[in-house]
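To start, the structure itself, in structure tokens.
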Amino acid sequence: MSLLFKGRSQGASDVRIGLAQQFTMLMVSHLRQALNSLGELWRQPTASIMTVAVLGLSITLPSTLYILVKNTEKISAGWDQASEISLFLTAQTTAGNAQQLLARLSTWEEIDSTVYVPADDALKEFQQLSGLGDAVAYLEANPLPDVILVRPTEKFAGPTAAAALLEKLKQQREVDIGKLDIEWLERLYALLDIARELVSLIGILLFLAVVLIIGNTIRLNILNKRDEIVVMKLIGATDSFIHRPFLYTGFWYGLLGGLLAWLAVIIILWWMDSSIEAFAALYQKDFDITGLTGTALLTMLALSVGLGLLGSMIAVQRHVREIEPS
């Protein structure tokens with residue numbers, strides 16, 4: 001019984017050792033083929049550099065446009081919060097009625113803050129800004145009404161939500177006229193939508209170009225190694241073993257192209273930094289353009305590697321299969 005148990009234990013141990021050896025050999029084979037494919041790129045520097053440059057520049061354009069759109073959205077978020085609704089109160093509204101209205105509005109979830117501007121304060125501000133000076137003093141009565149400035153919350157700062165809030169505010173008995181200039185917000189949102197669609201369209205077209213470029217490059221590489229592939233098939237090499245070097249070549253093209261695109265984006269943003277600072281100074285604002293974050297960088301590299309593998313996979317599946325020993 002003990003001999004049987006020992007035999008079973010020895011058999012299980014041999015199976016585990018065999019699987020471990022097979023896994024190790026597979027990893028070593030992958031590593032060897034990956035390094036060999038990288039060495040072939042190194043031995044053909046001119047062709048490799050030109051291909052990587054085309055791939056990198058193709059990925060740079062949509063990446064740069066993506067960053068610009070994201071920074072524009074960041075700026076517009078601050079503009080949304082700056083939008084205010086002006087409520088002009090009726091002439092019959094007393095200061096007490098205005099305070100009651102302010103108390104009611106403070107309970108609304110759509111409203112972030114309110115500012116009460118009495119008619120006298122509004123007239124003084126108008127006197128200072130208009131340049132009329134003492135001429136205002138000859139008015140028999142103050143023609144300006146009391147005003148309440150309403151700032152919506154971030155959730156209700158968009159054009160549609162702000163317009164709905166304006167209609168709700170107009171229904172208050174103390175309000176005579178409500179005003180919100182949302183046309184510029186609507187134009188801004190429309191431009192951002194166009195920019196997003198443009199980035200997506202350009203990205204799809206350039207990514208398709210990357211796949212085609214890598215596919216054609218791998219196809220030429222396969223044709224140059226036709227005799228070698230025939231010999232490997234004659235001696236019984238598996239399809240995965242034959243395909244692997246070409247797939248690793250696509251991987252290296254994608255990875256190097258993504259790194260080049262990342263470097264190009266950094267250079268472009270550095271080049272634009274002084275112009276952006278000068279533009280922001282005109283509006284007395286401090287603005288730092290945000291580049292590729294860690295997540296965005298990893299996404300770009302993963303996308304470029306995926307495109308490289310996709311292009312090489314298409315070429316390998318089509319052209320290697322057509323090569324058969326005669």
Side-chain angles (χ1 to χ4, degrees), residues 30-31 33-73 195-225 243-276 288-319:
H30 273 274
L31 180 60
Q33 290 180 313
L35 294 177
N36 287 338
S37 62
L38 183 60
E40 289 187 7
L41 297 182
W42 180 261
R43 287 189 291 271
Q44 299 175 352
T46 303
S48 300
I49 290 175
M50 292 180 64
T51 302
V52 170
V54 172
L55 300 181
L57 294 178
S58 298
I59 299 173
T60 298
L61 180 58
S63 301
T64 305
L65 293 177
Y66 168 81
I67 292 174
L68 293 178
V69 170
K70 282 298 181 182
N71 282 274
T72 304
E73 290 176 347
R196 294 190 195 99
E197 293 179 0
L198 184 62
V199 170
S200 301
L201 180 60
I202 292 176
I204 291 173
L205 293 176
L206 290 176
F207 293 157
L208 179 60
V210 168
V211 172
L212 294 176
I213 291 170
I214 293 181
N216 185 64
T217 302
I218 299 298
R219 180 185 68 86
L220 295 176
N221 196 4
I222 292 172
L223 295 178
N224 290 333
K225 295 185 177 182
H243 295 173
R244 210 174 293 153
F246 302 108
L247 295 178
Y248 275 118
T249 300
F251 168 83
W252 291 121
Y253 275 136
L255 179 61
L256 295 175
L259 292 175
L260 178 61
W262 172 59
L263 180 61
V265 169
I266 292 178
I267 294 174
I268 291 174
L269 296 181
W270 171 78
W271 186 273
M272 296 174 57
D273 187 61
S274 59
S275 300
I276 293 174
D288 294 326
I289 189 168
T290 302
L292 287 174
T293 59
T295 303
L297 174 60
L298 293 178
T299 302
M300 185 181 70
L301 292 177
L303 181 60
S304 61
V305 169
L307 293 173
L309 289 174
L310 178 60
S312 59
M313 190 178 301
I314 293 174
V316 165
Q317 292 294 333
R318 179 178 178 181
H319 297 288

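All residue numbers refer to positions in the sequence shown, counting from 1. Here the structure is a predicted model, which means the values were calculated and not measured.
Separating the OG atom in Ser304 from the CG atom in Leu256 is a distance of 9.0 Å, to the nearest 0.5 Å. Distance OH/Tyr253 to CD1/Ile213: 11.5 Å, rounded to 0.5 Å. The CG atom of Leu55 sits 11.5 Å away from the CG atom of Leu255 when rounded to the nearest 0.5 Å. Here the CG-CH2 distance, from Leu309 to Trp252, works out to 11.5 Å after rounding to the nearest 0.5 Å. In this structure, the separation between OG on Ser312 and CG on Leu247 is 4.5 Å, given to the nearest 0.5 Å. Going from atom CH2 of Trp262 over to atom CG of Leu297 covers 6.0 Å, rounded to the nearest 0.5 Å.
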Q. Are Phe207 and Leu303 close enough, and set up right, to give a side-chain contact (heavy atoms from CB on, under 4.5 Å), and what steps lead you there?
A. CA-CA 9 Å; Phe207 293 157; Leu303 181 60; 3.3 Å; yes

Q: Please assess Glu197 against Leu201 for the test side-chain contact (heavy atoms from CB on, under 4.5 Å), listing each intermediate value before the final yes or no.
A: CA-CA 6 Å; Glu197 293 179 0; Leu201 180 60; over 6 Å; no

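Contact of the Met313 side chain with the Phe246 side chain is not registered, since no non-hydrogen atoms from C-beta on lie closer than 4.5 Å. Two residues are said to be in side-chain contact when any heavy atoms from C-beta on lie closer than 4.5 Å; Leu310 and Ile214 fail this criterion.
In this structure a side-chain-to-backbone donor-acceptor pair under 3.5 Å is present from Asn224 to Leu220. Of the possible donor and acceptor atoms, none in the side chain of Ser58 sits under 3.5 Å from a partner among the backbone N and O of Leu206.
The nearest pair of heavy atoms linking Arg219 to Ala315 is N-CB, 4.1 Å. Nearest approach of Pro62 to Gly203, heavy atoms of both residues: CB-CA, 3.8 Å. The heavy-atom pair separating Gly56 from Ala261 by the smallest distance is O-CB, 3.4 Å.
When each of Thr60, Leu65, Ile59 is checked for a side-chain contact (heavy atoms from CB on, under 4.5 Å) with Ser63, only Ile59 meets the rule.
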